[in-house]
Amino acid sequence: MNLPTPPLPTPDDVIAAARLLAGVAHRTPILRSTTIDRLFGARLYFKCENLQRTGSFKFRGAYCALAQFDEAQRERGVLAAAGDNHAQAVALAAREHDIPALLVMPQDTAVTTLEAARGYGAQVVTYDRASEDPERLVQRLAADRGMRVIPAADHLQMIAGHGTATLELLQEVPRLDYLFVPVGSGALLAGSLLAVRAARSACELFGVEPEAGEHARQSLQAGRIITVGQPRTIADAAQARALAPLAFEVIRAAAAPRMLGASDPQLLDALRFFAQRMKLLVEPTGALAFAGAREGGIDLHGKRVGIIVSGGNADLPRYARFISD
Ligand SMILES: *Cc1c(COP(=O)(O)O)cnc(C)c1O
């Protein structure tokens, strides 16, 4: 049986998402530094989603996804699993929409993340990574409570909402030549590609994924989704094993952007660079795009280069070790 293919998000969806997010999501700052520009012989524009509400761009898509709920769904609530940043984003978005939220998170989730989610009014159910399958738990809870599950990436509104970060950047820096975007499940990259079209920009995109996995590069080469073993990397918000199907379709349709890999040592260097040169607290995954721009072998000379700094939710003791090593 062929399942009906879901509609692909379009550039207009990104524009609609931007309208929805006006006054709700922060229009995050775009930072520059003359020292850094001199170092690179290029003009670098850092779009600081580490300063977004909940500390990552994920709030953008989550808010847009919840805006689609009808009255009955709003009453029953939203359920989300997966990464810390997605969970926090759904928790805050649910509070903003006045929708009850239930989050399924691993027992070993950082206390600060659990506290943040509860602080936004979400209920949290924890599970044991070693013995429990979160997917099953989520399906059971969703069935029991009639709650709607919001995936972190395989969702039209997630892709459209995430694309608004790039749309803002292109509106403020009209003639950008290159844009570097981190890649896990590919929703942010897919949204960014749509934003480039929405802004009628000629900007060239580069996706940067952890070198330990590189499933996106392999998938684009193969023309189908390739699943890898869980990548071992400090970029924990990009540890996806494969692209989300909807994101893959968008990326493939967009004359596939070039893919780069970044190693953990390159991410550590980038974290130190952010801390020292820009006074920015960035989580390892948030440094992927910059690491790719800096060490991916692309000639940046004379170019206007955008970098998506995607998140800043670092566990502090761990972060302190990272920047002091
Ligand atoms: C989720 C996330 C990513 C990767 O985004 P995808 O849409 O999964 O590719 C990158 N950086 C941060 C900080 C994230 O939270």
Side-chain angles (χ1 to χ4, degrees), residues 25-60 83-86 88-89 92 110 112-113 116 162 164-173 176 178-184 188-189 192 206-210 233-238 260 262-296 300 303-325:
H26 292 321
R27 208 178 162 95
T28 50
I30 296 165
L31 296 189
R32 305 203 51 201
S33 150
T34 44
T35 315
I36 293 171
D37 283 1
R38 214 175 304 126
L39 215 58
F40 282 82
R43 278 181 268 189
L44 268 61
Y45 300 84
F46 294 88
K47 178 66 172 165
C48 291
E49 288 295 298
N50 58 322
L51 304 177
Q52 184 52 268
R53 298 181 74 185
T54 73
S56 85
F57 69 87
K58 287 218 167 56
F59 175 69
R60 294 176 181 267
D84 299 356
N85 287 345
H86 178 55
Q88 285 193 56
L92 178 61
T112 45
T113 306
H162 294 347
T164 59
T166 291
L167 189 62
E168 289 172 8
L169 176 58
L170 293 170
Q171 284 166 346
E172 279 172 55
V173 188
L176 210 58
Y178 294 158
L179 175 63
F180 291 80
V181 181
V183 178
L188 180 63
L189 179 61
S192 296
F206 297 87
V208 188
E209 59 186 335
T233 168
I234 56 170
D236 51 3
L260 306 169
S263 68
D264 280 2
Q266 290 171 345
L267 291 177
L268 289 174
D269 268 358
L271 289 189
R272 288 184 205 113
F273 187 97
F274 278 124
Q276 198 159 40
R277 303 252 182 184
M278 303 193 72
K279 324 303 167 199
L280 278 183
L281 197 164
V282 178
E283 66 181 275
T285 317
L288 269 173
F290 180 56
R294 196 181 182 198
E295 316 211 46
L300 305 180
K303 303 288 185 193
R304 294 165 179 261
V305 181
I307 309 277
I308 304 282
V309 183
S310 55
N313 290 321
D315 174 55
L316 276 191
R318 202 159 165 254
Y319 175 78
R321 280 197 303 278
F322 285 157
I323 58 167
S324 65
D325 278 351

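All figures in this text were calculated on a predicted structure; none of them were measured in a lab. The figures here come from the full heavy-atom set of this structure, side chains too, leaving out hydrogens, waters and symmetry mates. Nothing fancy with the numbering, it's 1 onward along the sequence.
The distance from the CG atom of Asp264 to the CD atom of Gln266 is 9.5 Å, given to the nearest 0.5 Å. Taking CG from Leu51 and CG from Leu31, the interatomic distance works out to 7.0 Å, rounded to the nearest 0.5 Å. Here the CD-CG distance, from Glu209 to Leu189, works out to 9.5 Å after rounding to the nearest 0.5 Å. Distance check, rounded to the nearest 0.5 Å: CZ of Arg43 to CZ of Arg38 gives 14.0 Å. Distance check, rounded to the nearest 0.5 Å: OG of Ser192 to CZ of Phe206 gives 13.5 Å. Atom CZ of residue Phe40 and atom CZ of residue Arg294 lie 5.5 Å apart, to the nearest 0.5 angstrom.
Residues satisfying the side-chain hydrogen bond (donor to acceptor under 3.5 Å, both in side chains) test with Thr113, not counting sequence neighbours, are none.
In this structure a side-chain-to-backbone donor-acceptor pair under 3.5 Å is present from Asn50 to Leu281. Put simply, the side chain of Asn85 never gets that close to the backbone of Gly55: no donor and acceptor are under 3.5 Å apart.
Using a 4.5 Å heavy-atom cutoff, the side chains of Leu267 and Thr233 are in contact. With contacts defined as side-chain heavy-atom distances shorter than 4.5 Å, the pair Ser310/Leu288 does not qualify. Two residues are said to be in side-chain contact when any heavy atoms from C-beta on lie closer than 4.5 Å; Asp236 and Arg318 meet this criterion. When side chains are defined from C-beta on, Phe273 counts as touching Ile36, because their heavy atoms get closer than 4.5 Å. Side-chain contact between Leu300 and Phe180 is present, with at least one heavy-atom pair separated by less than 4.5 Å.
In plain terms, the two heavy atoms of Val183 and Gly207 that are nearest each other are CG2-CA, 3.8 Å. Across all non-hydrogen atoms, the minimal contact from Ala270 to Phe290 is CB-CD2, 3.9 Å. Residues Leu280 and Cys48 come closest through the heavy atom pair CD1-SG, 3.8 Å. Between Leu260 and Gly292, the closest heavy-atom pair is CD1-O, 3.7 Å. For Ala235 against Pro210, the heavy-atom pair with the smallest separation is CB-CG, 4.2 Å. For the residue pair Val208 and Ala289, the shortest heavy atom distance occurs at CG2-CA, 4.0 Å.
Sorted by first and then second residue, the salt bridge (charged side-chain N to carboxylate O under 4.0 Å, His left out) pairs with a member in residues 270-279 read Asp269-Arg272; sequence neighbours excluded.
A side-chain donor from one of Glu49 and Thr28 sits under 3.5 Å from a side-chain acceptor of the other.
Residue Gln52 forms a side-chain contact (heavy atoms from CB on, under 4.5 Å) with just one option from Arg27, Lys58, His26, Lys47, and that option is His26. Under the side-chain contact (heavy atoms from CB on, under 4.5 Å) rule, Arg304 has a single partner from Leu44, Leu176, Leu179, which is Leu176.
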